[in-house]
Amino acid sequence: MTNSLENLYGAKIDKYNAAVGGWTTAQGAENFISQVESVKANLADIDLLVLAFGMNDPATEDTKYIADIKSMVNTYYAANPNGSVVLVSPMVPNTQSKMVYGNHYLWENALNKVKNSQEYSTKHISLAKVFTAFEELLTVSGKLSRDYL
């Protein structure tokens, strides 16, 4: 994504990846500032924040998921009111695994509610519908989610 943006806009882009594999959305919200700081980034200087959470939240209630996403978005906008946010829905998990499959199908609609909420009506916020794209890929290919994962 960074390379594509650099090519499109002819600018050098500094990328910071504060992701931690296996973290839930709650862990992301609880540790948001410290994780950003751990990669030597300053929220006020980040023009585009990409939040991709949900794969590790199969049993999370949708209200908790939305609250945790909004917590991170609000923290970012408090530091950078003119910044942009891309919310990324998770891909389809292995539907044959009872251990990982759960509420994932809810997250894209939950993120859409966040994006379209009144409190962000004047903000630059968008949604990458990865879940929908992944579902379409599975439908067209006739393969199982595990075949791609």
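Values reported hereafter were calculated over all heavy atoms of this structure, with side chains retained and with hydrogens, waters and symmetry mates removed.
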Check whether [X] reaches the backbone of [Y] with its side chain - one donor and one acceptor, N or O, closer than 3.5 Å.
X    : Y   : answer
H104 : M55 : yes
Q35  : A18 : yes
K123 : P81 : yes
T75  : S71 : yes
D68  : A29 : no
Y65  : F53 : yes
N80  : G83 : yes

Are [Y] and [X] co-members of a hydrophobic cluster defined by side-chain heavy atoms under 4.5 Å apart?
X   : Y    : answer
Y16 : Y9   : no
V92 : L106 : yes
M1  : L8   : yes
V20 : I69  : no

Do [X] and [Y] have side chains that get closer than 4.5 Å, going by heavy atoms?
X    : Y    : value
V86  : L48  : yes
Q27  : T25  : no
I13  : N3   : no
K113 : N116 : no
L43  : E37  : no
I46  : V36  : yes
E108 : T132 : yes
F134 : L149 : yes

Would you say [atom1] of [X] has more than 12 non-hydrogen atoms from neighbouring residues, nucleotides or ligands within 6.0 angstrom?
X    : atom1 : result
E61  : CD    : no
K129 : NZ    : no
I33  : CD1   : no

Discussion item. Evaluate N103 against D57 for side-chain contact (heavy atoms from CB on, under 4.5 Å), listing each step before the verdict.
Written reply: CA-CA 7 Å; N103 288 342; D57 291 288; over 6 Å; no
Practice prompt. Would you sort out whether V39 and N17 count as a side-chain contact (heavy atoms from CB on, under 4.5 Å), showing the intermediate values?
Written response: CA-CA 7 Å; V39 295; N17 184 351; 5.9 Å; no
Worksheet item: Taking all atoms of both residues into account, what is the closest heavy-atom pair of Y148 and L138, and its distance?
Response: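 Minimum heavy-atom separation between Y148 and L138: CD1-CD2, 3.6 Å.
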Worksheet entry | Non-hydrogen atoms of P93 and S145 that approach each other most closely |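 Distance-wise, the nearest heavy atoms are O-OG, 2.9 Å.
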Item to complete: Let me see the working for V114 and K70 under side-chain contact (heavy atoms from CB on, under 4.5 Å), right down to the final yes or no.
Response: CA-CA 7 Å; V114 171; K70 281 185 168 186; 4.2 Å; yes
Practice prompt. Evaluate the ring planes of Y77 and Y120, with Trp represented by its six-membered ring, and classify them as parallel (under 30°), tilted (30 to 60°) or perpendicular (over 60°).
Written response: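 If you compare the ring of Y77 with that of Y120, the planes turn out tilted.
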Practice prompt. Could you point out which residue of V50, N112, I125 forms a side-chain contact (heavy atoms from CB on, under 4.5 Å) with L87?
Written response: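 Among the candidates, only I125 passes.
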Practice prompt. Begin from the C-alpha positions of L137 and E135 and carry the test side-chain contact (heavy atoms from CB on, under 4.5 Å) through to its verdict.
Written response: CA-CA 5 Å; L137 175 66; E135 271 190 323; over 6 Å; no
Would you give the length of the straight line joining atom [atom1] of [X] to atom [atom2] of [Y], rounded to the nearest 0.5 angstrom?
X   : Y   : atom1 : atom2 : value
T60 : I66 : OG1   : CD1   : 12.0 Å
E30 : M72 : CD    : CE    : 10.0 Å
L51 : S89 : CG    : OG    : 12.5 Å

Discussion item. What I want to check is whether the side chains of N56 and T24 have a donor and an acceptor closer together than 3.5 Å.
Written reply: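 N56 vs T24: no donor-acceptor pair found between side chains.
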Item to complete: Decide yes or no on ring pair (Phe, Tyr, Trp, His ring centres under 6.0 Å) for F131 and W107, but give the supporting numbers first.
Response: CA-CA 9 Å; F131 192 89; W107 302 152; 9.9 Å; no
Practice prompt. Quick one: list whatever passes salt bridge (Lys or Arg N to Asp or Glu O under 4.0 Å) with K143, sequence neighbours left out.
Written response: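 Checked K143 against salt bridge (Lys or Arg N to Asp or Glu O under 4.0 Å); zero matches.
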